[in-house]
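For reference, the structure discussed in these notes is given below.
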Amino acid sequence: MPREGILIEKPLERLSPKQVQQIHDASIDILNDPGLLCFNENAAEIFQGSGAVVSKVSGSNTPCWHIKIPGKLVSSALKSAPSTVTLGARNPENTIIMKGDEPRVFFITGSETNIWLDVDFPTYASKTDPNKETKIPEFKPRRGTVADLCDSAHVCEHLEMVDGYIRTVNIQDNDIDVDNKDVNKYFASLNNTTKHVMSGLTNLKQLDNVVKMAEIIAGGRDNLKKNPLISFITCLVKSPLQFVDDTTETFMEVCKRWLPIVVSSSPQAGTSAPIKEAGIIAQINAEVLAGITLGQLVNKGTPVLYGTVPVRARMDTLGDSYGSVETSQYNIDCAQMARFYNLPNYSTSGVCDTKIPGQQSSIERLFSNVLVTLSGPQFLHCAFGLLDCNSVFCLLQAVLDDAHFKMIKFFLKSPGINEQELETVKKQIRDVVATPQKMFINYIRPVMRTGEISPPYPFEREGDSDDVFALASQRLQELRDKPVEHIDKATTARIFREIPGLLPRLNIYEGKQ
Amino acid sequence: MSENIIELIKENVIQGRITRDDEGIEEDMAGQPGVTELVEEALASGIDVSEIINKGLTASMQAVGQKFETGEYFIPDMLASAEAVGTAMEILKPHLEKSGVKPKGKILMATVKGDLHDIGKNIVSILLRGAGYMVKDIGNNLDTKDIVKAVREEKPDYLGLSALLTSTMVSMEDIIKALEESGLRDKVKIIIGGAPVSEEYAREIGADGYGADGFHGVSVIETMNGHN
């Protein structure tokens, strides 16, 4: 059985059918005028050979082509792009099946941050009463390592609401460089979680090593195609409307290998996209449609996700404001547009502006997590543990997020109202009203242990104290103490034999993690 | 035989099964004798009342309390078990005197004038019965004079007063004054409870105790009664 996700029976939608059509029409207009700038020659040639209007831009420092994509090319790509995309996993029970017309949400971690946040609970004494002591969480940032990535993948394996894993931390060990980063980040992830693993690629030269590693684990090329336990994400579009050279090349190469890939665009309303909702949605939709069109031209039928990471600019710094209300609005609109195209949507929620776990982070992330989940994107990159936009990762926060997603999941259960149920409760009401105490308490017990009643907040302490972080920290330790289901010894040996660049210490059978 | 019935009483109190129709927590218990049937069977078999109370009811409530402490049981479980014990005590009531078993105490429970909210009072009543007290619930929205009259007639050891509203809690002070004027105040200990009242308010109006919730209320009375 694949993972269940959460089926949103009535997705939250902000756009009317007419507005959806208007956005689509506007995006098609944008792809024609002004069109896109493409810094990748191969892509420009593919577009030119397929009926797009392509012209070399003169006077540019780097080679650049101006591309006008006709609407019929987009329509054709939308027809050939599969509406169902499967993301496989080492454990087949962790397979994710996403259908473009089914708003079933799967929750994914990531993405890559540079800073890992440790938490400690030092004791402080009151100045007025030194006998009065309290433990206060202190967060200590440091650069992420491959050991942290293993730790994170292992904990996320045991977080119930995490359906798939995007690496949460950039590995910055001294012995990691641009040539060995990809194989090590994929291996560290795959070796510590049996869930699906998605990542971006640092160096295109490493693509075949990464794919070969996945083939070894899956049991061959055909098995990997059937059970694609890895996938990729590329930001091939730089907003506004530019195909970047290297990521476009990476995107095309992944498409040729039939592995699932996210066509992602992340415009910022106010700087790299219009500040108005209509503007950023029409533009991001055009950018993603252009990417999907390129992918289908490269390899017709290759599985792609409609990937959207829109964000509003902060007015004080012009940095990203993922915690802004508008960012959630954009994401909800994009989920609706993807459904219009019958394509699975990669969406974003839960990224907050604040730098450490606390009240602001809770409010910002819960606000977007609830609303964007309700809109029904299939692949919700919901930023388990991410802080400070996309710069900081804290496992303690990921544990909290998992608990909060369980609450959201509970909320989204079907009402369960039917004739039989109503007959039962009418009798119950009559019976109770006839008793002297008029209490329904006895009827709680039969449902109390069936999961029909939502549990209390898991990090609640008795009394007045707020010990959420301390209790979540205990939970984190419990998860860390759980076993890791590593890749078996023979497969590991083969991977280390055939894939260059892996750090010996990642071989748990011979090295030391 | 005796040990078998006592064990069954204990098990059924823990399961919160009053009669054979009740389901309990474990599956397939419905249809088997509950506490009512088992206590009647125990009496018919000539088992000593004190043995039923001490080895069956009290011991089982201690086990239930432990399950609550460890998080295995929740308040509805505690209430179901307490209700089962209360029902057993009602059956045993006529046999207590001749068996030489002295009840732990008599408690009058009332919700004050103007207040129709009686869930809290009902829960405390169930818990007190479960703890082995004789509880008389005289109702809600009661005039002060009716409460004084009940104290005079019933001669309880304790009077529990409940109020949910800030507008009705002031009646508690009137009731205490009326009991003083009637010469009954020193014959009964008064414990107050309900959302708007507090320990401080209990002291201000001259009550003897305050229960923050049902379990605390029982604990306060147990302490006054010398059982804690």
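Just so we're on the same page: letters track the sequence lines, and every chain starts at 1.
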Atom pair CZ (B:F74) and CD1 (A:I441), whose distance is rounded to the nearest 0.5 Å: 14.5 Å

With B:R203 via side-chain contact (heavy atoms from CB on, under 4.5 Å) - residues at least two apart: B:E199, B:E200

Neighbour count above 12 (heavy atom, 6.0 Å) for B:E204 CD: yes

Residues that A:P130 engages under side-chain contact (heavy atoms from CB on, under 4.5 Å), provided they are two or more places apart: none

Residues of residues 108-122 of chain B with any heavy atom under 4.5 Å of a heavy atom in chain A: B:I119, B:N122

Atom OH of A:Y457: over 12 foreign heavy atoms under 6.0 Å: yes

Rounded distance (nearest 0.5 Å) linking atom CD of B:Q15 with atom CZ of A:R445: 7.5 Å

A:Q360 atom CD, neighbour heavy-atom count above 12 within 6.0 Å: yes

Whether over 12 other heavy atoms sit under 6.0 Å from A:K438 NZ: yes

Chain A-proximal positions within residues 79-93 of chain B [heavy-atom distance under 4.5 Å]: B:L79, B:A80, B:E83

Salt bridge (Lys or Arg N to Asp or Glu O under 4.0 Å) between A:R449 and B:D77, worked out: CA-CA 11 Å; A:R449 291 172 175 83; B:D77 300 314; 2.7 Å; yes

Neighbour count >12 (heavy atoms, 6.0 Å) for atom NZ, B:K136: no

Residues, nucleotides or ligands: over 12 heavy atoms within 6.0 Å of A:Q477 CD: yes

Within 6.0 Å of NZ in B:K55, more than 12 heavy atoms from elsewhere: no

Per-residue contact mode, B:I123 against chain A (heavy atom under 4.5 angstrom): both

Atom CD of A:Q428 with >12 non-hydrogen neighbours under 6.0 angstrom: yes

